[in-house]
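Okay, so here's the structure we're looking at.
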Amino acid sequence: MTNRRTALLSAPLSFLLAAAAAAQSYESPGIEHNMPVFAPALKAKMTYPMAWSPAVKDLKAWREKGRAKVWEATLQQPDRTPFKAEVIAEEDRGSYVARQVVFNLTGMSRVRALLLVPKSAGRHPATLMLHDHGGKFDIGKEKMIEPFGTVNAADGAKHASAKAWADKHFSGRWPGDALAARGYVVLCTDAVGWGDRGPLTGEQQQALASNFFNLGSSMSGNMALEDVRAAEFLASLPEVDTKRVAALGFSMGAFRVWQVGALSDAVTAVIASNWMATTEGLMVPGSNQLRGSSAFQMMHPGLLRYLDHPDVASLAAPKPTLFFAGETDKLFPVAAVRAAYAKMGKVWQAHGAADKFEAIVRPGGHEFPKEAQDHAYDWLDRQFGKR
């Protein structure tokens with residue numbers, strides 16, 4: 001010990017200053033902008049080794065390997081539970097009927113869904129609607145499909161809440177009903193925490209996500225599995241043409257849509273509005289992504305070590321796919337959106353299906369307005385040979 005103290009006392013001043021600087025660096029705060037201060041070092045490791053590149057020669061094998069990695073990250077097991085559907089209520093809406101349907105979404109959850117079915121005979125094209133987050137948990141499926149007619153105070157409050165949401169984000173109409181009027185079968189269920197399966201609160205989200213992990217599962221992974229199962233249920237209906245089953249969503253619903261398009265063969269076309277960007281562009285100071293809370297609904301632990309968001313979405317190629325983004329959307333920086341679109345476009349091009357991929361940055365913010373909806377529905381009609 002004496003020799004060590006003597007050495008330190010006789011050390012050059014430069015050495016002591018360097019040691020002091022190192023100690024100061026070591027003792028600096030460990031968190032900045034809700035991220036570890038060494039976030040740049042972590043981001044440097046995110047090279048996405050399973051992303052598509054020109055070196056990929058076998059696109060089918062690449063997709064199968066990528067799908068397997070996504071499923072691994074969800075912490076879910078395959079589910080083949082019989083659906084055992086039951087119609088519990090029906091309402092006439094002119095050219096189509098609205099039904100409340102109860103079915104086994106998974107082996108652990110039997111849920112009530114809203115289903116719209118055209119009155120015309122035969123098999124129809126169909127669309128799975130996946131609702132957004134928005135910090136609004138009292139409604140889920142009712143964000144995409146108009147609730148049943150008001151029969152009591154509770155239903156009246158739900159209808160008013162859903163109408164306000166449609167006015168705010170969808171130019172005053174429900175996307176599901178707009179498609180049903182065009183001759184589509186439409187299905188929407190509640191994610192865990194929304195509508196009939198909630199209501200969750202903003203404060204509960206992180207605890208719920210943690211407890212999913214403590215139970216050997218994953219909140220986001222469970223949602224991915226349920227969305228795949230919902231697509232399979234929709235495709236199984238006798239009124240549905242299995243070759244024409246789309247998935248459509250806004251915001252978190254868009255994330256769910258491109259994810260289910262990547263994971264499920266039941267989905268044959270994808271329409272995603274206002275959720276896509278590169279991780280590099282999202283994990284920056286000031287980004288909504290850094291706040292936590294809703295991020296747990298869209299986070300599969302470890303997946304971003306292998307595939308970025310546009311890489312996962314690209315597993316859907318060469319299915320017809322349409323993306324929208326708002327140029328002034330505060331949640332998704334437009335430069336990061338364009339970078340993601342460019343990356344995805346190369347995968348569809350590699351499949352020889354560049355004409356099946358469309359990505360639009362439109363004027364406006366975080367919404368799916370009537371003009372974008374009309375473009376999307378016309379686009380879907382063309383993909384499914386309706387016009």
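- T189 and A113 get closest at one heavy-atom pair: CG2-CB, 3.6 Å.
- The two residues L42 and P36 have their closest heavy-atom pair at CD1-CG, 4.0 Å.
- L114 and Q100 get closest at one heavy-atom pair: CD2-CG, 4.0 Å.
- Salt bridge annotation for D227-R256: present, with a cationic side-chain nitrogen under 4.0 angstrom from a carboxylate oxygen.
- Between E72 and K69 there is a salt bridge, with a side-chain nitrogen of the basic residue lying less than 4.0 Å from a carboxylate oxygen of the acidic one.
- Closest non-hydrogen pair, Q259 versus A224, comes out as NE2-CB, 3.3 Å.
- The neighbour count for K43 NZ, taken as heavy atoms of other residues, nucleotides or ligands under 6.0 Å away, is above 12.
- Atom CE of M283 and atom OG1 of T278 lie 11.5 Å apart (nearest 0.5 Å).
- Side-chain polar atoms of H133 and Q205 form a donor-acceptor pair below 3.5 angstrom.
- L187 and V257 fall within a single hydrophobic cluster, where Ile, Leu, Val, Met, Phe, Trp and Tyr are joined by side-chain heavy atoms under 4.5 Å apart, directly or via other members.
- Considering CG of L237 and NE2 of H124, their distance stands at 12.0 Å, rounded to 0.5 Å.
- Ring pair F368/F324 is tilted by interplanar angle, where 30° to 60° counts as tilted.
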### Message
Pair E239, R123 - check side chain to side chain contact (heavy atoms under 4.5 Å, CB included), show working.
### Response
CA-CA 5 Å; E239 300 92 345; R123 291 182 177 270; over 6 Å; no
### Query
What do the steps show when you test K84 against F103 for side chain to side chain contact (heavy atoms under 4.5 Å, CB included), and what is the final call?
CA-CA 6 Å; K84 295 185 178 179; F103 70 100; over 6 Å; no
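- The only member of T127, T268, D241, V245 that meets side-chain contact (heavy atoms from CB on, under 4.5 Å) when paired with F384 is T268.
- A side-chain donor from one of D308 and T279 sits under 3.5 Å from a side-chain acceptor of the other.
- At least one cation-pi condition fails for K356 and W348: the charged atom is not both under 6.0 angstrom from the six-membered ring centre and inside a 45 degree cone around its axis.
- Checked against the 6.0 Å centroid criterion, the rings of H159 and W174 qualify as a close aromatic pair.
- The two residues L282 and F332 have their closest heavy-atom pair at CD2-CD2, 3.9 Å.
- For the residue pair S218 and Q76, no side-chain donor N or O sits within less than 3.5 Å of a side-chain acceptor on the partner.
- Within 6.0 Å of the NZ atom in K346, the count of heavy atoms belonging to other residues, nucleotides or ligands does not exceed 12.
- In this structure, CE on M219 lies 8.0 Å from CE on M299, to the nearest 0.5 angstrom.
- Proximity of a side-chain donor or acceptor of E142 to a complementary backbone N or O of G140 within less than 3.5 Å is detected.
- Hydrophobic clustering, with ILVMFWY side chains joined whenever heavy atoms are under 4.5 angstrom apart, groups V70 together with V228.
- Not counting sequence neighbours, the partners of D196 by the salt bridge (Lys or Arg N to Asp or Glu O under 4.0 Å) test are R112, K141, K158.
- In this structure, S264 contributes its side chain and A266 its backbone to a donor-acceptor pair below 3.5 Å.
- Residue R110 qualifies as enclosed at atom CZ: its count of foreign heavy atoms under 6.0 Å is above 12.
- Looking at R63 and D58, no side-chain N of the basic residue comes within less than 4.0 Å of a carboxylate O on the acidic one, giving no salt bridge.
- Distance alone, capped at 3.5 Å, is enough to place a donor-acceptor pair between the K119 side chain and the G94 backbone.
- With values rounded to the nearest 0.5 angstrom, L380 atom CG is found 9.0 Å from L322 atom CG.
- Using cut-offs of 30° and 60° for the angle between ring planes, the W194 and F137 rings count as tilted.
- Between atom CD of residue Q297 and atom CG of residue L200 there is a gap of 7.0 Å, rounded to the nearest 0.5 Å.
- Between K370 and D374, at least one side-chain N (NZ, or NE/NH1/NH2) sits under 4.0 Å from a carboxylate O, which counts as a salt bridge.
- Ring centers of W165 and H169: under 6.0 Å apart, within the cut-off.
- With hydrogens and angles left out, the side-chain atoms of Q383 and R244 include no donor and acceptor closer than 3.5 Å.
- Side-chain contact annotation: D311 with Y306, donor-acceptor N/O pair under 3.5 Å absent.
- M252 and V260 fall within a single hydrophobic cluster, where Ile, Leu, Val, Met, Phe, Trp and Tyr are joined by side-chain heavy atoms under 4.5 Å apart, directly or via other members.
- Aromatic ring centres of F250 and F170: separated by under 6.0 Å.
- Between A277 and P310 the shortest heavy-atom distance is O-CD, 3.8 Å.
- With hydrogens and angles ignored, the 3.5 Å screen pairs no side-chain donor or acceptor of W275 with any backbone N or O of A325.
- Remark: D167 engages K163 in a salt bridge, criterion side-chain N to carboxylate O under 4.0 Å.
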### Check against ring-ring contact (aromatic ring centres under 6.0 Å, His included), F323 and Y341
CA-CA 8 Å; F323 275 87; Y341 285 173; 5.8 Å; yes
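- R229 contributes a side-chain N or O that, together with a main-chain N or O of T81, makes up a donor-acceptor pair within less than 3.5 Å.
- Between the side chain of H131 and the backbone N or O of D190 there is no donor-acceptor pair closer than 3.5 Å.
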### Full working for side chain to side chain donor-acceptor pair (under 3.5 Å) between S161 and D138
CA-CA 8 Å; S161 179; D138 61 314; 2.7 Å; yes
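- Classification of E91 and R93 as a salt-bridged pair holds, one side-chain N sitting under 4.0 Å from a carboxylate O.
- By the neighbour-count criterion of 12 heavy atoms within 6.0 Å, atom CD of E90 is densely surrounded, having more than that number from other residues, nucleotides or ligands.
- The main-chain N or O of G261 is found under 3.5 Å from a side-chain atom of K319 such that the two form a donor-acceptor pair.
- Looking only at distances, a side-chain donor or acceptor of R67 sits under 3.5 Å from a matching main-chain atom of A262.
- Rounded to the nearest 0.5 angstrom, E232 CD and T242 OG1 are separated by 12.5 Å.
- Looking only at atom types and distance, the side chain of T74 has no donor-acceptor partner in the side chain of H300 under 3.5 Å away.
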